[in-house]
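All remarks here apply to the structure that follows.
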Amino acid sequence: MKKSILLLPIFFLMLLSCSDAYDIIQDNELPEDEAYVTIGHLRSGLNGAYSAYGPDFGGDAIAFNDLFTDNMRRGGSNNGQGAEEYNFLMQPNSDMPTSVWSNRYATINRINRVLRAYDRLFPTFNAADQRNAKHVKGNLLALRALCHLDLFQYFTVDYKNLSAPSVIKMDFVPSSPFDVYPRNTVGEILAFIKQDLTDAKTFLDAGLQLVPGETTLPSGVTTYNSVIYLRPVAVDFMRCRVALLEGDYPTAESIATTILANPSFDLANRAAYLQMYGNADAPGESIFKLSRVLNNNSILNLFYFNTNSTGPIDPYLTASRQLYDLFPAGNSANNPDVRRVVIFGSVITPENLASNNFPIRKYVGSTDGPTINDVKLFRSSELKLIVAECKARNSDFLGAATAVKELRDKRISTTNVLPTYTSLNAALTDILLERRKEFAFEGHRYLDLKRIGGEINVGINRLESDAFSFSAPTSLAAGDYRFTLPIPTVELTANPTIVQNPNY
């Protein structure tokens, strides 16, 4: 089911240069007590927050993670798009830090406004509306946690240094658009994210309980328990990610194993994997995905200028030859590795090979439109690789190898040999490689190299032919300061209390 995106007309006041602009009510401004009156308004506010959250927006995570690193190269129709990122040029006014910082805090602002309306309206609702309102609040808290988690990963230098600066915790609506706040510590942000997730789970679980007289859940309730909302299992998924980031590997492994034990969240087989990325945009093994419908953002536009009756054309960014060479040879829909088919399509022409031109086919459009695809954010395969990583960190190298093989058995039709790991470094190197193949063009590569690569001394190492397409460097050392984004200029200019990240 797709959710319709209904945006309330006001979530932000226009920021003007004098107090008169915000001390009065503008003619086109709808006060919150009029904008939010019914449960329907709260649900519209929630959907508006989901639509505002934009890892697939231009200059944001989906494109940046692969462009800045080693999974892309210049496309034939490129007029300079992406050259700055590909050349490792990262400054406070660059697109990525500006986009992530501005988008996530704008989304958080929307969320906090709806939460404020919830507090006002909840006591006035009847029992049925209160039940739906609990789902709204649970989703809002989970989405706020996700936004803070994104900010934490990109702008925090050291995830485990609890006293070091992280990002700004925002759990309220500022009284003035000119209020400024310093960065919170790593420990404060982690505690806040975990508390939001705990509270979200409480509200979501409560709303999913049958009440006296019910034999099944009402349709309005089950809607919230679908893959396009942050349902309880998606909240647990985030708890797993947080535990991994802070080095609590027993907790991360336990959560991942518990989710995977549910047959509903088993790894997708070859057929289901193809359907997940095909025209049907099927859920497959997705635990959470962003619903995108006609007139929403198009992931295809991150790589292509145009489309025609045959699909996307005029690529300005394509997949790298290095990424292509990671997969088995074979030019058909029956390639042994189904990920090769999804990423590159079923046909690679001699011209493609000769020119190192590999258009990205992971997003082919759907029944919602020729350029529309849902954004897969949480998948079971990530949990399987988290299990592998946690076992490796516990010196259970056989268990780690078994988990990696279980994923490969679902993706590769030929016989897969059980990997042999004799050290943590060897295991993490192979897991990092598997993550590269599994999550190409899904917003993981940069963050994976930051977290795992920095530990095992694996940075960015491109093929010369890929780097030459942009006249760019071939390598960036593991642990380079650019694996953490700078606080953007928009924040530095407006906030004198903010502290910039090192070396920017």
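- For D150, the salt bridge (Lys or Arg N to Asp or Glu O under 4.0 Å) partners two or more places apart in sequence, or in a different chain, are R104.
- Defined by atom type and a distance below 3.5 Å, a donor-acceptor pair is missing between the side-chain atoms of N357 and R74.
- Counting heavy atoms from C-beta outward, L146 and F288 have side chains that approach closer than 4.5 Å.
- With hydrogens and angles left out, the side-chain atoms of Y118 and R113 include no donor and acceptor closer than 3.5 Å.
- T69 and N65 share no donor-acceptor pair across their side chains, judged by distance under 3.5 Å alone.
- Using modelled atom types and a 3.5 Å distance limit, the side chains of E438 and S381 yield a donor-acceptor pair.
- A side-chain donor-acceptor contact under 3.5 Å links K289 to the backbone of D281.
- When R393, K450, K160 are each tested for a salt bridge (charged side-chain N to carboxylate O under 4.0 Å, His left out) with E455, only one passes: R393.
- Shown here for A319 and F441, the closest heavy-atom pair between the two residues is CB-CZ, 3.8 Å.
- In terms of heavy-atom proximity, W101 sits nearest to L151 at CA-CD2, 3.9 Å.
- Here the CD1 atom belonging to I372 is positioned 8.0 Å from the CG atom belonging to N301, to the nearest 0.5 angstrom.
- Between the side chain of D368 and the backbone N or O of V293 there is no donor-acceptor pair closer than 3.5 Å.
- Donor-acceptor pairing under 3.5 Å is recorded for the side chains of R436 and Q322.
- Inspection of the T307 and T371 side chains reveals no N or O donor paired with an N or O acceptor under 3.5 Å.
- No donor-acceptor contact under 3.5 angstrom links the side chains of N71 and S320, judged on distance only.
- Taking 4.5 Å as the limit, every side-chain heavy atom of N461 sits out of range of all side-chain heavy atoms of D70.
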Practice prompt. List the steps, then state whether side-chain contact (heavy atoms from CB on, under 4.5 Å) holds for R445 with L432.
Written response: CA-CA 9 Å; R445 183 62 173 163; L432 182 62; 3.9 Å; yes

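- Counting heavy-atom neighbours within 6.0 Å of E34 CD, excluding the residue itself, gives a total above 12.
- Counting all heavy atoms, side chain and backbone alike, Q500 lies closest to P92 at NE2-CG, 3.5 Å.
- Geometrically, K362 engages Y277 in a cation-pi contact defined by less than 6.0 Å to the ring centre and at most 45° from the axis.
- Between K194 and E246 there is a salt bridge, since a side-chain N of the basic residue sits under 4.0 Å from a carboxylate O of the acidic one.
- Taking both residues in full, the closest heavy atoms of V136 and L42 are given as CG1-O, 3.9 Å, listed atom of the first, atom of the second, then distance.
- Checking R321 against N356 by side-chain atom types alone, a donor-acceptor pair falls below 3.5 Å.
- Not one N or O on the side chain of N394 forms a donor-acceptor pair closer than 3.5 Å with the backbone of C390.
- With contacts defined as side-chain heavy-atom distances shorter than 4.5 Å, the pair F203/L141 qualifies.
- Looking only at atom types and distance, the side chain of N373 has no donor-acceptor partner in the side chain of R292 under 3.5 Å away.
- Annotation: side chain of L190 is not in contact with side chain of Y159 (no heavy-atom distance under 4.5 Å).
- Remark: F468 CZ is loosely packed, at most 12 non-hydrogen atoms of other residues, nucleotides or ligands lying under 6.0 Å away.
- Ring geometry for Y316 against F305 counts as tilted: the plane angle lies between 30° and 60°, on a 0 to 90° scale.
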Practice prompt. Before giving the answer on ring-ring contact (aromatic ring centres under 6.0 Å, His included), spell out for F265 and F237 the whole-Å C-alpha distance, their side-chain angles and the decisive distance to 0.1 Å.
Written response: CA-CA 11 Å; F265 306 117; F237 191 107; 9.9 Å; no

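- The structure places CG of D196 at 9.5 Å from CE of M238, a figure rounded to the nearest 0.5 Å.
- Panel note: side chain N139, backbone H135; a donor-acceptor pair is recorded below 3.5 Å.
- Between R239 and D236 there is a salt bridge, since a side-chain N of the basic residue sits under 4.0 Å from a carboxylate O of the acidic one.
- T38 contributes a side-chain N or O that, together with a main-chain N or O of H41, makes up a donor-acceptor pair within less than 3.5 Å.
- Checked options P97, S166, P165; the residue passing with F155 is P97 (criterion: side-chain contact (heavy atoms from CB on, under 4.5 Å)).
- Ring-centre distance between Y229 and Y50: below the 6.0 Å cut-off.
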Practice prompt. Determine, stepwise, if the pair C240 / I259 fulfils side-chain contact (heavy atoms from CB on, under 4.5 Å).
Written response: CA-CA 10 Å; C240 181; I259 296 174; 5.6 Å; no

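- In this structure, R435 CZ and I452 CD1 are separated by 5.5 Å, a value rounded to the nearest 0.5 Å.
- If you look at F192 and H148, their ring centroids are closer than 6.0 Å.
- A distance of 7.5 Å separates CZ in R482 from CZ in F88, rounded to the nearest 0.5 Å.
- Between E382 and R379 no salt bridge is recorded (no basic side-chain N to carboxylate O distance below 4.0 Å).
- Screening L383, V227, L230 for a side-chain contact (heavy atoms from CB on, under 4.5 Å) involving F378 leaves a single residue, L230.
- Annotation for L317 and I360: closest pair O-CD1, 4.1 Å, computed over non-hydrogen atoms.
- Using cut-offs of 30° and 60° on the angle between ring planes, the pair F358 and Y324 is parallel.
- Here the CD atom belonging to Q81 is positioned 11.0 Å from the CG atom belonging to L67, to the nearest 0.5 angstrom.
- At a threshold of 4.0 Å, the pair E434-R339 counts as salt-bridged, since one of the basic side-chain nitrogens sits closer than that to a carboxylate oxygen.
- The shortest side-chain heavy-atom distance between M72 and T318 does not fall under the 4.5 Å cut-off.
- Using a 4.0 Å cut-off between charged nitrogen and carboxylate oxygen, K169 and E188 do not count as a salt-bridge pair.
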Discussion item. Test side-chain contact (heavy atoms from CB on, under 4.5 Å) on L485 and M96; report intermediate values, then the result.
Written reply: CA-CA 8 Å; L485 297 183; M96 177 63 177; 3.7 Å; yes

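- Side-chain contact between N495 and I168 is present, with at least one heavy-atom pair separated by less than 4.5 Å.
- Between atom NZ of residue K384 and atom CD of residue E285 there is a gap of 11.0 Å, rounded to the nearest 0.5 Å.
- In the model, S94 has a side-chain atom that pairs as donor or acceptor with a side-chain atom of E84 under 3.5 Å.
- Classified by interplanar angle (parallel below 30°, tilted 30° to 60°, perpendicular above 60°), the ring pair Y154/F64 is perpendicular.
- Judged by the 6.0 Å distance and 45° axis criteria, R110 is not positioned over the aromatic ring of Y105.
- With a 4.5 Å cut-off on side-chain heavy atoms, F152 and V186 count as touching.
- Heavy atoms only, all atoms of each residue included: S51 and F57 are closest at O-CZ, 3.6 Å.
- For the residue pair S77/N79, the side-chain donor-acceptor check at 3.5 Å is not satisfied.
- At least one side-chain heavy atom of Y363 sits less than 4.5 Å from a side-chain heavy atom of E442.
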Discussion item. Pair F68, L89 - check side-chain contact (heavy atoms from CB on, under 4.5 Å), show working.
Written reply: CA-CA 9 Å; F68 191 87; L89 300 177; over 6 Å; no

